[in-house]
Number of protein chains: 2
Amino acid sequence: MLNILNTSIIVCRMAKDTNRPYRRAHGGEAPPAGLEAALPDIGQRLRELRMMHGHSQRELAKRAGVTNGTISLIEQNRISPSIGSLKKVLDGFPISIADFLTLDLRHKAKVFYAAKELREIGSGAISFKLVGRDTQGRALQMMHERYQPGADTGPDMLSHTGEESGIVVAGLIELTVGGETRTLTSGDAYYFDSRLPHRYRNTGTIDCVIVSACTPPSF
Amino acid sequence: MLNILNTSIIVCRMAKDTNRPYRRAHGGEAPPAGLEAALPDIGQRLRELRMMHGHSQRELAKRAGVTNGTISLIEQNRISPSIGSLKKVLDGFPISIADFLTLDLRHKAKVFYAAKELREIGSGAISFKLVGRDTQGRALQMMHERYQPGADTGPDMLSHTGEESGIVVAGLIELTVGGETRTLTSGDAYYFDSRLPHRYRNTGTIDCVIVSACTPPSF
DNA sequence: TCGACGTGTTTAGGATATTCAACATTCAGC
DNA sequence: GCTGAATGTTGAATATCCTAAACACGTCGA
């Protein structure tokens, strides 16, 4: 099977360096065409990652224990680094080879959310403000919850797949999980499997504010 | 930096094949010792995967478009395959390089946490209070973070697998993610892929408090 | 017992990756 | 306009990878 990457490298070399003829991969069988998933653009990935970290080629080379020339050639896709040396190079960053190959650096997901941008659901006594509008492809759902005095998620206990956790920021909340009830105040926290029936009640006299998260997103 | 893998390869070659002398990686500096994460045992992984699929080396070689010798050498860790050829080999299976490298080598939980029970790590300018002592089997890690004025996670950007999100509860924080920088204040929020290099800095004059969550737990 | 296959391993040599050193460029500081 | 120090690129030499072909061993059936 013909390797697309290697081929392109050769083309590149031929064009730039020498006229030395190139032996076609396997004289015999024709390649079954590009059925396999494309190999990510190692060079550009590395360059972007390096830039993000604010390192020069030499700086990274020193950290990684390779030469700056190697970094340069890899970034230009002039060579296909061995696993060993790619590992060395990535040792210059806190990232694994697997993550490096998977990470989508180009996709610009929304990162920052002004308070007013949080999506608010449930008005009245209980309000949830969600971080992020579409939870597509996200593993987490972060929330800013506010319970007015007397607010109550009700006697019909909640129950859904996933896990949830939170920290009380202000006021107090009475939380029941799987039959056990506790009152939490500012700084206290909870963590439970969302399949356990649960209920929140503000038994205090001021608004209760909780910052919580659940996975997977359930809104 | 000396590459452990390559070294062992050489040793192996020397012992079995020839007595040809081996030039030590870099005459100069001594290796800073095994600080970096171990490179997964490519050879054994490949062998196991191949066995699971019931292929012989030659059979896989044919599918992959490499020679059986290459498979053999890789499985013995005699060579560190190039990304390109590892890709080719894995094209013989329905698995990506990243998955291949990651592939796994095979009650009543505590719900309520008083503020004092939160496990505190990092005492100085930055302190994290974690919900839950052992994150074993948990999908989420909830945290109460406090940054003193001037606190900074440092120019060596953080980067790790997972996703993280948070809401600023008090003060302000300057957050850099994947090259983009923003200053968030109380009520603002963020969400990003933790593999993107990121950095937190309290550029304000009072303590900044953030309640955040990440998945999977990374402490 | 023998050959014809199957397996994984090894070897020599050509192809590719990596290093080292030099080069070209940019940019700050004078 | 000069340096000097930084950057990324390149060519030649060397080390490593990859292939092709042979090797050694085991199994099976005649």
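To find a chain, count down the sequence lines: A is the first, B the second, and so on, and within it residues start at 1. Quick note: numbers below take in every heavy atom, side chains included, and nothing from hydrogens, waters or symmetry partners.
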*Just do the side chain to side chain donor-acceptor pair (under 3.5 Å) check on T203(B) and E174(B) with the steps written out, would you?*
CA-CA 6 Å; T203(B) 53; E174(B) 180 197 87; 4.9 Å; no

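Using a 4.5 Å cut-off on side-chain heavy atoms (C-beta onward), S80(B) and I42(B) make no contact. Between S212(A) and F128(A), the closest side-chain pair of non-hydrogen atoms is not below 4.5 Å.
Nucleic acid contact class of S72(B) (heavy atoms, under 4.0 Å, all strands): base.
Look at T70(A) and you won't find any side-chain N or O under 4.0 angstrom from OP1 or OP2 of dT18(C). Distances shorter than 4.0 Å separate some side-chain N or O of R47(B) from OP1 or OP2 on dT9(C). The side chain of S82(A) contributes no N or O atom lying less than 4.0 Å from OP1 or OP2 of dT16(D). Distances shown here put a side-chain N or O of S56(A) below 4.0 Å from the OP1 or OP2 atom of dT7(D). Distances shorter than 4.0 Å separate some side-chain N or O of Q76(A) from OP1 or OP2 on dT10(D). The side chain of R78(A) places no N or O atom within less than 4.0 Å of a non-bridging phosphate oxygen (OP1 or OP2) of dT18(C).
Distance N77(B) CG to dT9(C) C1': 15 Å, rounded to the nearest Å. As rounded to whole Å, 13 Å separates atom C1' of dT9(C) from atom CD1 of I79(B). Spacing between atom CD1 of I74(B) and atom P of dT9(C) amounts to 12 Å, rounded to whole angstrom units. Per the geometry, NZ belonging to K62(A) stands 22 Å off P belonging to dT18(C), to the nearest Å. Atom CD1 in I83(B) sits about 11 Å away from atom P in dC18(D), given to the nearest Å. Rounded to whole angstrom, the span from the CD1 atom of I71(A) across to the P atom of dA6(D) amounts to 18 Å.
Position along DNA chain D of the nearest nucleotide to P81(B) versus Q57(A) favours Q57(A) as the more 5'-ward residue. Two residues, E75(A) and L86(B), neighbour DNA chain D, and the one matched to the more 5' nucleotide by heavy-atom proximity is E75(A).
The base of dT9(D) sits within donor-acceptor range of the side chain of N68(A), with an N or O pair under 3.5 Å. In this model, a side-chain donor or acceptor of R58(B) finds a partner on the base of dG8(C) within 3.5 Å.
With dT7(D), dT19(C), dT9(C) as the candidates, the nucleotide lying closest to the side chain of T67(A) is dT19(C). Relative to the side chain of L73(B), the nucleotides dC18(D), dT9(D), dT18(C) differ in distance, and dC18(D) lies closest.
Here the NE2-CZ distance, from H198(B) to F192(B), works out to 4.5 Å after rounding to the nearest 0.5 Å. In this structure, N68(A) CG and E59(A) CD are separated by 12.0 Å, a value rounded to the nearest 0.5 Å.
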